[in-house]
Amino acid sequence: MVPKHIAIIMDGNGRWAKSKGLPRSAGHVKGAANIETIARAMKKRGIKYLTIYAFSTENWIRPKDEVDKLLELLEEYLTKAYKNAEKNKMRLKVIGRRDNLSEKIQKKIEEAEEATSMYDELVLQVAFNYGSRDEIVRATKAISNDVAEGKLNVDDINEETLSSYLDTKDVPDPDLLIRTSGEERLSNYLLWQLAYCEFYFSDVPWPAFSVKNLDEAIEEFNNRNRRYGNV
Ligand code: IPE
Ligand code: IPE
Ligand code: MG
């Protein structure tokens, strides 16, 4: 059985580049190219949802040229998704904070989401300018506004309500989280959504993470005994 939804923390682009004597930006380019390979393999295997961590709300503190490179790669990726929508048959969604991204990028995000909205073989959520705490704060504000405007009763707020105000609304929670490159932490990723997820840590840096590595993660997932609080 394959998991329905895999979330990935694509880490190690910089270290991969360093190990090859290349600039960090080369690691980001190679890492971005690997998304396509892994997403295609997942689609073939019948995985329905993939959520990838591309840029965190904390990543703005990196050197400006690196941030600029990551923004440029997002733009390129969105343009490609738009152009190849028909061929890829993947639905693209971008999760994360929008209001402090440039208008140009916001528009590209909307265009790519719109152009791919009719596909459902694989839903690819790109977490860009994403932080889980930021997402929960934005959801809390939106809930508060709706309560203040009388659209929502405080007594009716439950777990489903909060889920439906998150960026990931309409998408089931991940079953398997993969973090590459040896780090074993969440770095502010999907804190609410990963409540019962299985975690898999790989030492392979993201640009070198292969379809074989993906299959190893899926195999280990299948050998786990999932519990959900039961005995
Ligand atoms: C992951 O690789 C990509 C982003 C965080 C944008 P890193 O850039 O974090 O690479 P390392 O962890 O420094 O090797
Ligand atoms: C997490 O990686 C964010 C992304 C993969 C986009 P980082 O490399 O930024 O995380 P930390 O700083 O090592 O926790
Ligand atoms: Mg890193």
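Indexing begins at 1, ligand by ligand and atom by atom, following the structure's order. If you're wondering where the values come from, they're calculated on a predicted model, not measured in any experiment.
Ligand 1 has no nitrogen or oxygen under 3.5 angstrom from a nitrogen or oxygen of F55. Taking distance alone, with nitrogen or oxygen atoms compared against 3.5 Å, D11 approaches ligand 2 more closely than that limit. The distance criterion of under 3.5 Å between nitrogen or oxygen atoms is not met by S56 with respect to ligand 2. Residue contacts with ligand 2: R185 is placed with a nitrogen or oxygen under 3.5 Å of a nitrogen or oxygen of the ligand (distance criterion only).
Note that CG of N84 is 11.5 Å distant from OG1 of T116, once rounded to the nearest 0.5 Å.
Using a cutoff of 4.0 Å between basic side-chain nitrogens and carboxylate oxygens, E219 and R45 are not scored as salt-bridged. Salt bridge annotation for K4-D175: absent, with no cationic side-chain nitrogen under 4.0 angstrom from a carboxylate oxygen.
In this structure a side-chain-to-backbone donor-acceptor pair under 3.5 Å is missing from T168 to V171. Formation of a donor-acceptor pair under 3.5 Å by the N188 side chain with backbone atoms of G131 is not found in this model.
Proximity of G12 to ligand 1 is established by a heavy-atom distance of less than 4.0 Å. Ligand 2 does not have R15 within reach: every non-hydrogen atom of the residue lies 4.0 Å or more from it.
Closest to atom 6 (C) of ligand 1 among all protein heavy atoms lies A54 O, 3.4 Å. Annotation: atom 2 (O) of ligand 1 to nearest protein heavy atom, N13 N, 3.1 Å. The nearest heavy-atom contact from the protein to atom 10 (O) of ligand 1 is G14 N, 2.9 Å.
Counting heavy atoms from C-beta on, the side chains of R24 and R62 come closer than 4.5 Å. Contact check for E198 versus R226: side-chain heavy atoms found under the 4.5 Å cut-off. In this structure, W60 and N129 have side chains that are in contact, with non-hydrogen atoms separated by less than 4.5 Å.
The Mg ion (ligand 3) does not have E183 among its coordinating residues (no N/O/S atom, backbone or side chain, under 2.8 Å).
Ring geometry, F199 versus F201: the interplanar angle exceeds 60°, so the pair is classed perpendicular (tilted spans 30 to 60°).
Near I9, meaning under 4.0 Å from one of its heavy atoms, ligand 2 places the atoms 5 (C). Atoms of ligand 1 lying under 4.0 Å from at least one heavy atom of L70, given by number and element, are 6 (C).
Heavy-atom proximity to atom 13 (O) of ligand 1, evaluated over M10, R24, R62, is greatest for R24.
Atom OD1 is the N/O/S atom of D11 found closest to the Mg ion (ligand 3).
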